[in-house]
2 protein chains.
Amino acid sequence: MEENRVSIESCSCSIIHEDAVSKARNSMPEEETLYDLAELFKVFGDTTRIKILCALFESEMCVCDIAALLSMNQSAISHQLRVLKQASLVKYRKEGKVVYYSLDDEHVKQIFDQGLVHIRER
Amino acid sequence: MEENRVSIESCSCSIIHEDAVSKARNSMPEEETLYDLAELFKVFGDTTRIKILCALFESEMCVCDIAALLSMNQSAISHQLRVLKQASLVKYRKEGKVVYYSLDDEHVKQIFDQGLVHIRER
DNA sequence: TGAACACATAAACATATGTTCATATATAAT
DNA sequence: ATTATATATGAACATATGTTTATGTGTTCA
């Protein structure tokens with residue numbers, strides 16, 4: 001349908017399927033939600049952090065344990081734990097000098113497992 | 001238990017909980033699996049790509065439609081569609097000059113929704 | 001045949017990100 | 001009090017990443 005073709009400044013091309021575009025536009029969650037969602041997945045999108053989460057599926061661990069497990073230095077792990085903590089993916093408890101980290105959330109594993117399903121099936 | 005403390009070169013600290021470390025080590029998936037998983041989530045970890053996927057939940061769309069929807073230029077969208085395609089998250093069909101993209105996978109939405117659950121509950 | 005269009009892609013660029021190094025903080029032990 | 005240890009953090013650095021710009025490719029239509 002020629003009538004549906006509308007020029008948009010930001011894009012040199014014309015909209016071919018205005019119906020599809022407006023349907024998508026209406027169903028789209030808020031900008032902030034999508035931003036937060038991307039930020040969340042970004043946290044999962046690093047090998048070190050994925051390994052840390054994976055390790056914590058088994059039991060809580062202190063920073064040194066994780067560093068030893070992954071053969072990385074303590075600082076790198078500590079930095080990544082901060083990222084995980086900010087994303088509410090891990091929580092911690094202090095016991096003297098030692099800080100024990102554990103999963104903060106029950107559906108962290110569900111996100112993880114859904115990802116696994118995808119990579120196994122392609 | 002003092003006997004459990006073992007020095008590791010890569011980490012200046014000593015392992016405090018060798019049992020926890022070895023349990024985690026044994027349950028850890030293969031390195032390659034974890035790498036692929038991180039790569040997958042990395043693809044979800046960008047606002048533009050999240051929006052594209054979100055748009056495709058409704059219906060297939062051509063490149064220009066998506067560019068107009070997101071007020072971005074065609075090239076940027078095309079680059080991101082390539083990333084999504086390489087991750088087996090979208091597929092396409094050609095119809096003359098127009099290339100229609102759609103979701104490749106039924107559990108893309110499940111990963112997306114699991115992420116939503118997390119950000120809504122924190 | 002040639003112009004217009006939809007899309008792809010390479011190069012360049014600015015920005016974001018992860019690790020390391022050095023150092024600070026807090027607790028425990030001597 | 002001093003030392004050792006577990007962790008946190010800021011700065012620096014190298015690398016990765018997303019967007020733009022320019023251009024190439026393939027298809028349609030006049």
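- Residue A:His79 is the one, among A:His79 and B:Ile77, whose nearest nucleotide of DNA chain D lies closer to the 5' end (criterion: closest heavy atom).
- In the model, A:Gln110 has a side-chain atom that pairs as donor or acceptor with a side-chain atom of B:Gln114 under 3.5 Å.
- For the pair B:Lys42 and D:dT17, the criterion of a side-chain N or O lying under 4.0 Å from OP1 or OP2 is met.
- Distance A:Met72 CE to D:dA8 P: 15 Å, rounded to the nearest Å.
- When rounded to the nearest whole Å, the span between CZ of B:Arg82 and C1' of D:dT20 equals 15 Å.
- In the interface, the side chain of B:Ser78 is not paired with the base of C:dT9 through any donor and acceptor atom under 3.5 Å apart.
- Here the C1' atom of nucleotide D:dC13 and the CG atom of A:Asn73 are 15 Å apart, to the nearest Å.
- Regarding B:Glu95, its CD atom lies at a distance of 11 Å from the P atom of C:dC7, rounded to whole Å.
- Summarising the geometry, the separation between CD1 on A:Ile66 and P on D:dT7 is reported as 9 Å, rounded to the nearest angstrom.
- When each of D:dT7, C:dC21, D:dT17 is scored by its nearest atom to the side-chain atoms of A:Val99, the top-ranked nucleotide is D:dT7.
- Counting only residues at least two apart or on different chains, no salt bridge (Lys or Arg N to Asp or Glu O under 4.0 Å) pair has a member in residues 98-108 of chain B.
- Under a 3.5 Å cut-off, the side chain of B:Ser22 and the backbone N or O of B:Glu18 do form a donor-acceptor pair.
- Of the residues near DNA chain C, A:Gly96 and A:Glu39, the one whose nearest nucleotide (by heavy atom distance) lies more toward the 5' end is A:Glu39.
- Side-chain to base pairing of A:Ser75 with C:dC21: one donor and one acceptor N or O lie within less than 3.5 Å of each other.
- Rounded to whole Å, the distance from CD on A:Gln80 to C1' on D:dA8 is 14 Å.
- As rounded to whole Å, 12 Å separates atom P of D:dT20 from atom CG of B:Leu70.
- Between the side chain of B:Lys91 and the backbone N or O of B:Leu103 there is at least one donor-acceptor pair closer than 3.5 Å.
- Which of C:dT27, D:dT27, C:dT19 sits closest to the side chain of B:Lys97 comes down to D:dT27.
- Checked against a 6.0 Å centroid threshold, the rings of A:Phe44 and B:His118 do not count as neighbours.
- The separation between B:Tyr92 atom OH and D:dG26 atom C1' is 13 Å, rounded to whole Å.
- The side chain of A:Tyr101 places an N or O atom within less than 4.0 Å of a non-bridging phosphate oxygen (OP1 or OP2) of D:dA8.
- Remark: B:Arg49 is in phosphate contact with D:dG18, judged by side-chain N or O atoms under 4.0 Å from OP1 or OP2.
- For a distance-only test at 3.5 Å, the side chain of A:Gln74 qualifies as a donor-acceptor partner of the base of D:dA8.
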